[in-house]
Participant: 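Encoded as C-alpha cells, here's the structure I'll be asking about.
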Amino acid sequence: MATVKTLIYLIVYPGLLFLFLYSTFVEWYDRKLYARLQNRMGPTHTGRFGLLQPIADFFKLMAKEDIVPDRADRKMFSTLPAVGLAIVFTAMLLLPVWNYSLDQPSVTSFNGDLIVLLYLLSLPTFIFFLAGWSSTNLFSTIGGARVLTMLFGYEVPLFLAVLSPAVLANSWRLAEIAAFYRQRPALTLVNLLGFVIALICVQAKLERTPFDIPHAETEIVGGTFTEYSGKKLALFRLMMDAEMVVAAGLLATVFLGGFPGGALLGLVNFIVKTLVVIFFLSLIRATTSRIRVDQVVSFAWKYLAPLAILQLLIVILVKGLIS
Amino acid sequence: MNDQILIDQAKARLGEKVLEITNPAPRRIFIRVKVDDLLAAVGWLKNELGFTHLATISGVDLGQAFELLYHFANNFTCVTLRTDIARDNPLLPSICEIIPGAVLYERELQDMFGIVVQNIPDGRPLVLPDDWPAGNYPLRKDWKYERPPEVIPGGKK
Amino acid sequence: MKFQIPIGPQHPALKEPISLRMTVEGEIIRDADLRLGYNHRGLEKLAEQKTWIQNIYLTERICGICSHSHTTCYVQGVEKLMELEPPRRGLYIRTLVAELERVHSHLLWLGVAGHEAGFDSFFMYTWRDREIVMDILETISGNRVHYGINTIGGVRRDLDEQQVKHILDSLAILRQRSEYYQHLGTNEPSFVARLAGVGYLSREDAIALCAVGPTLRASGVPMDVRKDDPYAVYAEVPFEVCTADTCDVLGRTVVRIKELFQCYNIIEYLLKNLPSGPVAVRAPRRAKPNEVVSRYEAPRGENIHYIKSNGTDKPERLKVRAPTLGNYAATLKMLKNGFIADVPLIFAAIDPCICCAERAVSLVDARSGQEKIISMNALKQLSRQVAAGNARKREAEWPL
C-alpha cells in the first residue's frame with residue numbers, strides 16, 4: 001500500500017502529471033490575466049477559453065527542429081533542460097501538499113526541508129547561467145552573466161524574507177511552519193512585509209518583468225535561450241512554469257498557512273492559494289517596465305535587503321513578546 | 001534677421017568670394033561660391049551668423065560638372081551655398097572640421113557621385129554594399145541600372 | 001574583456017534593417033559603429049524617370065509612418081516650381097492630415113518606447129488608442145497608411161460636416177487618454193528609472209551634430225520648421241514649440257507627449273476655422289527650369305527636399321533627406337559609454353525610420369574572430385553546399 005501511495009505521490013499527485021497539467025494551466029492563467037490587464041484577449045482559440053493553448057504550444061515545440069550550435073558544448077547543452085526540469089519537479093515533492101504527517105517526519109517532509117527547497121529553487125538559476133554560457137552565443141553569454149549578476153541581488157533578501165516566518169514558528173520544517181500559522185492566523189500579519197519582499201524576489205527569480213533582464217528580447221534577442229529550440233526550449237519553458245508553481249507554493253506555505261485538509265481539500269487550498277500568489281506576480285508584470293541589471297542589484301541591496309532585515313527584527317521582537 | 005540683412009552681410013563680409021546671390025522666395029537664399037572659398041563661406045555662416053544646422057548636402061550631375069548644394073538653416077531663414085566642381089577631377093574639401101554632423105552626407109556623396117572628399121574623418125562606404133563594383137556611381141546621369149537576369153535555383157535552364 | 005555585439009541587421013529591437021556594431025566591455029558600450037544601406041531602394045534615381053504626378057506616389061512610399069510628410073514636402077516644392085497657389089481649404093485639409101499623422105506617429109512611438117523598455121502594457125494601451133487616429137485618417141482619406149490625399153495644387157478629397165463631427169468627437173477621447181499617458185510616462189517609477197539620464201545629448205552636441213526634431217528639442221533647442229519657416233497654413237495657426245531641457249530619453253518622451261496636446265489644439269483650430277471653397281487647382285504637366293528647397297516638420301524632425309526641374313514633365317533631380325539620417329551622428333554619440341540595456345531605448349528615441357540599402361552580409365568568424373564580408377551570391381552558394389551535404393529530411397514523419 002505504501003509503495004502504491006508513494007508511486008501515486010511521485011507520478012500523479014503532486015508529482016509529474018499534476019505538476020505538468022497545473023503548470024500549463026498556470027501559464028494560461030498568467031497569460032490570460034496579463035492580456036486582460038493590457039486590454040487584450042489572450043489565448044482564446046485552443047480549447048475552451050484557450051485553456052489548452054500552453055499544452056498545444058508545448059507539443060508544437062516538441063515537434064520542432066532541434067538545433068545544437070557547432071561551437072556549443074554538446075553534452076552540457078543537451079542535458080541542461082532535463083536536469084533543470086528534474087530539479088524543479090523534485091522541489092515540488094518537498095511542498096507539504098498531501099503526503100505528509102506532522103508527527104512523523106518522512107522522506108519528503110523533514111526538519112530543514114525549507115532550506116533544501118530554497119536551494120533547489122536556486123539551482124534553476126545556475127542552469128540558466130550554464131545554458132547561456134554553454135551555447136557560446138554572444139547574446140547568450142551576456143544573458144548568462146546577467147542571470148548571475150541578478151542572483152547576487154535578490155537571493156539574500158529572498159532567503160531572509162522566507163526564513164523570518166520560520167524563525168517565528170521556531171521550525172525549519174515547512175509542514176510545521178504552515179501548521180503554526182494555521183493555529184495562530186493573526187501572526188501571519190507580522191510577516192506582511194516579508195511576503196511583499198518575497199513576492200518581488202520570486203518575480204526576479206522567475207525572470208519576469210521588471211526583472212526579465214537575462215532574456216530581454218529588445219536588448220539581447222533571446223538572452224540565455226537564444227540558441228535553444230525545439231524540445232529543449234519546450235522543456236525549459238515547462239521548467240519555468242513549474243518553477244512558478246513551486247515558488248508560489250513555497251510562498252503560500254510559508255506566508256499563507258499552507259494547504260490543510262488531505263487530498264481533496266488540500267488540492268483546492270493549493271490551487272486557490274497559489275493562484276492568489278500568481279495573481280500578484282502577474283500584476284507586477286503588467287504594471288512595470290523592465291529595469292537595468294545594475295538597477296536590480298542596487299534596488300535589492302538598498303531597499304529589499306534592509307527591509308528584509310527589518311522584517312527579521314520585527315519577527316524576533318514578536319517572538320520575544322509571545323513566548 | 002531677415003533675408004535682406006543677410007544678403008547685405010554676405011556681400012560685405014565675403015566680398016568677391018560671392019559669385020551670385022539669389023533670393024527666389026522668402027526665407028530662401030542661394031549663394032554661389034567657388035569651391036576654394038567653400039570652407040571660408042561655411043565658417044563665416046557658422047561662426048558669424050550662427051547657421052549651425054546643416055540640413056543636408058545635395059549633389060547634382062550637370063553633365064560637365066557636379067553642383068553641390070549645402071542647405072543651412074536657422075530659426076529665421078534657410079541659406080543654400082552652391083559650388084561647382086569639375087566632373088573629371090571631383091575633389092571636394094570636407095567641412096567636418098567646422099560642422100561635425102556633415103560626415104554622413106559627405107559619405108553619401110562619395111558613394112553616389114564618386115566625389116572624393118578630402119580630409120573626411122571616416123571615408124568608408126555608407127549606403128552602397130561592400131561588394132559594389134568599383135567605378136559605379138548610381139546618381140551620375142550616365143549610370144544606368146541593368147537588372148541581372150534572375151536565376152531560379154533548380155529551375156529550367 | 002572587450003567584444004563586439006552586432007545589433008541588426010536583424011534584431012527584435014529593430015523594426016527595419018540597420019546594422020549597429022557595438023564594442024562592449026561587460027555591460028558598457030565603449031564604441032559604436034553604424035552601417036546603413038540594407039533598405040536602399042535607389043529612390044532618388046528612380047524619381048528622375050517618373051513624371052511629376054507619379055512621383056507623388058513614389059515619395060509617399062519612402063516611409064509608411066510619415067508618408068504624408070514626404071508627399072507634402074515634395075508637393076509644396078513642385079507647386080512653387082509650377083507657380084501654383086493651392087486653395088486655402090486644400091491647405092487646411094493638408095495640414096489637418098499632417099497633424100493627424102503626427103498624432104499617430106507619436107502615439108506609435110510611445111508604444112515602441114514602452115516595448116523597448118519592456119513595458120508592454122504601455123505599448124498595448126497606446127497602440128489601442130492609435131487605432132482611433134487611424135480610423136479618423138481612414139474616414140478622411142480612405143486609407144490607413146498611404147493616405148494618397150496630396151496632389152499637385154491641393155488635395156484629392158474634401159471633408160464634410162459628418163467627418164468633422166466624427167474627428168472632433170474622437171479628439172476628446174484622445175485628449176483624455178493622452179493625459180493619462182502623460183501621467184503614466186512621467187510617473188511610473190520603473191519606467192522613469194529606465195528613461196531618465198539615458199542617452200544624454202548636450203545642447204552643444206545636439207547642435208554640432210545637426211540633430212533634428214524632438215531629439216534636438218529635448219536638448220533645449222527650440223527649432224521647429226513649422227514655426228521657423230511656416231509652410232501651408234502654420235503661419236496662421238496658434239501653437240507652441242515644445243522643448244525639454246533634460247537632454248535624455250525622458251525629455252524626448254515629454255516633448256512628444258507635449259506635442260500631442262499641441263496637435264490636438266491645432267486640429268481643433270483647423271476644423272473650427274475650415275474655409276469653404278475648392279480643394280485643388282489644376283496643375284500643368286511641365287515645370288519651368290528652376291529649383292526649390294522645400295522644408296517640412298515631419299513627426300521625427302526636419303524633412304528637406306531639394307527639387308530641380310529642367311522644363312520637362314520629369315524632375316532633373318530630387319534629393320530627399322529624411323529626418324532620421326540627420327539624427328544618426330547624434331545617436332552614435334549618445335550610445336557611447338551607455339549600457340547595452342539602453343541601446344534599444346536610445347536608438348528608438350530618435351524614432352528611426354530606416355530607408356537605405358545594401359545586399360552584403362558581414363560575418364564574424366567565431367573561430368578566428370576575423371570579420372569577413374560575404375556577398376549574397378556567395379552566401380547562396382554556401383548554403384547550397386551545406387544543404388547538399390545534409391541528409392534529406394523530406395521523408396521525415398510528423399512526430400505526433
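Just so it is clear, the model here is predicted, and its values are computed rather than measured. Lettering follows sequence order; numbering is per chain, from 1.
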Participant: Can we say C/Arg317 and B/Glu67 salt-bridge, meaning some charged N sits less than 4.0 Å from an Asp/Glu carboxylate O?
Facilitator: no
Participant: Answer with side chain, backbone, both or neither: which region of B/Pro24 has an atom nearer than 4.5 Å to a non-hydrogen atom of chain C?
Facilitator: neither
Participant: To the closest 0.5 Å, what do you measure between OH (C/Tyr306) and OG1 (B/Thr80)?
Facilitator: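 Rounded to the nearest 0.5 Å, the OH-OG1 separation comes to 8.0 Å.
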Participant: Between C/Asp228 and B/Arg27, does any side-chain N to carboxylate O distance fall below 4.0 Å?
Facilitator: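 B/Arg27 and C/Asp228: not salt-bridged.
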Participant: If you define the side chain from C-beta out and look only at heavy atoms, does anything of C/Glu316 sit under 4.5 Å from B/Lys141?
Facilitator: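 When only atoms from C-beta onward are counted, B/Lys141 and C/Glu316 do touch, with a gap below 4.5 Å.
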Participant: Can you say whether B/Asp61 sits under 4.5 Å from chain C via the side chain, the backbone, both, or neither, judging by heavy atoms?
Facilitator: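 The backbone, not the side chain.
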Participant: How long is the gap from CD on C/Glu291 to OG1 on B/Thr22, to the nearest 0.5 Å?
Facilitator: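 One finds 7.0 Å between CD of C/Glu291 and OG1 of B/Thr22.
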Participant: Can you tell me how far apart NE2 (B/His71) and CD1 (C/Ile304) are? Round to the nearest 0.5 Å.
Facilitator: 5.5 Å
Participant: Answer yes or no: does atom CD of C/Glu236 have more than 12 heavy-atom neighbours from other residues, nucleotides or ligands under 6.0 Å?
Facilitator: yes
Participant: Among C/Pro323, C/Ala330, C/Pro230, which has the most heavy-atom pairs under 4.5 Å with chain B?
Facilitator: C/Pro230
Participant: Look at the side chain of C/Lys319 and the backbone N and O of B/Val60, then say whether any donor-acceptor pair between them is shorter than 3.5 Å.
Facilitator: no
Participant: Which is it for B/Arg28 and C/Val292 under the side-chain contact (heavy atoms from CB on, under 4.5 Å) test, yes or no, and what are the steps along the way?
Facilitator: CA-CA 9 Å; B/Arg28 294 285 183 278; C/Val292 69; 5.5 Å; no
Participant: What part of B/Leu69 gets closer than 4.5 Å to chain C, counting heavy atoms only: side chain, backbone, both or neither?
Facilitator: side chain
Participant: What part of B/Leu139 gets within 4.5 angstrom of chain C, counting heavy atoms only: side chain, backbone, both, or neither?
Facilitator: both
Participant: Working to the nearest 0.5 Å, report the span between NE2 of B/His53 and CG of C/Leu209.
Facilitator: 12.0 Å
Participant: Out of curiosity, C/Glu44 CD to B/Ser58 OG, how far, rounded to the nearest 0.5 Å?
Facilitator: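 If we round to the nearest 0.5 Å, C/Glu44:CD and B/Ser58:OG are 8.0 Å apart.
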Participant: Under the 3.5 angstrom rule, does the side chain of C/Lys45 hit a backbone N or O of B/Trp143 as a donor-acceptor pair?
Facilitator: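 It does hold such a pair.
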Participant: Can you tell me if CD on C/Glu240 sees more than 12 non-hydrogen neighbours from other groups inside 6.0 Å?
Facilitator: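 Incorrect, the count does not exceed 12.
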Participant: Please evaluate residues C/Lys308 and B/Leu62 with respect to the criterion side-chain contact (heavy atoms from CB on, under 4.5 Å), reporting the C-alpha separation (whole Å), side-chain torsions for both, the decisive distance (0.1 Å), and the verdict.
Facilitator: CA-CA 11 Å; C/Lys308 193 177 168 84; B/Leu62 296 178; 4.1 Å; yes
Participant: Given that the side chain runs from C-beta out, which part of C/Asp33 has a heavy atom under 4.5 Å from chain B: side chain, backbone, both or neither?
Facilitator: side chain
Participant: Shortest non-hydrogen contact from B/Leu104 to C/Ala329?
Facilitator: CD1-N, 4.1 Å
Participant: Looking at every non-hydrogen atom in both residues, tell me the closest pair between B/Asn74 and C/Met223 and how far apart they are.
Facilitator: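 Closest pair (atom of B/Asn74, atom of C/Met223, distance): CA-CE, 3.9 Å.
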Participant: Under 3.5 Å, side chain of B/Asn75 to main-chain N/O of C/Pro222, donor-acceptor pair present?
Facilitator: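 Yes; judged by distance alone, with no hydrogens or angles, the pair exists.
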Participant: Do C/Arg321 and B/Glu108 pass the salt bridge (Lys or Arg N to Asp or Glu O under 4.0 Å) test, and can you show the C-alpha distance, the side-chain angles, and the key distance before you say yes or no?
Facilitator: CA-CA 11 Å; C/Arg321 203 295 312 267; B/Glu108 196 182 359; over 6 Å; no
Participant: Kindly give the heavy-atom pair with the smallest separation between C/Cys210 and B/Thr52, and that separation in Å.
Facilitator: SG-O, 4.0 Å
Participant: Using a cut-off of 6.0 Å, state whether more than 12 heavy atoms not belonging to B/Gln64 lie near its atom CD.
Facilitator: no
Participant: Does any backbone or side-chain atom of B/Arg82 lie under 4.5 Å from a heavy atom of chain C? Answer side chain, backbone, both or neither.
Facilitator: side chain
Participant: If I take atom CG from residue C/Asp229 and atom CZ from residue B/Phe76, how far apart are they, to the nearest 0.5 angstrom?
Facilitator: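 One finds 12.5 Å between CG of C/Asp229 and CZ of B/Phe76.
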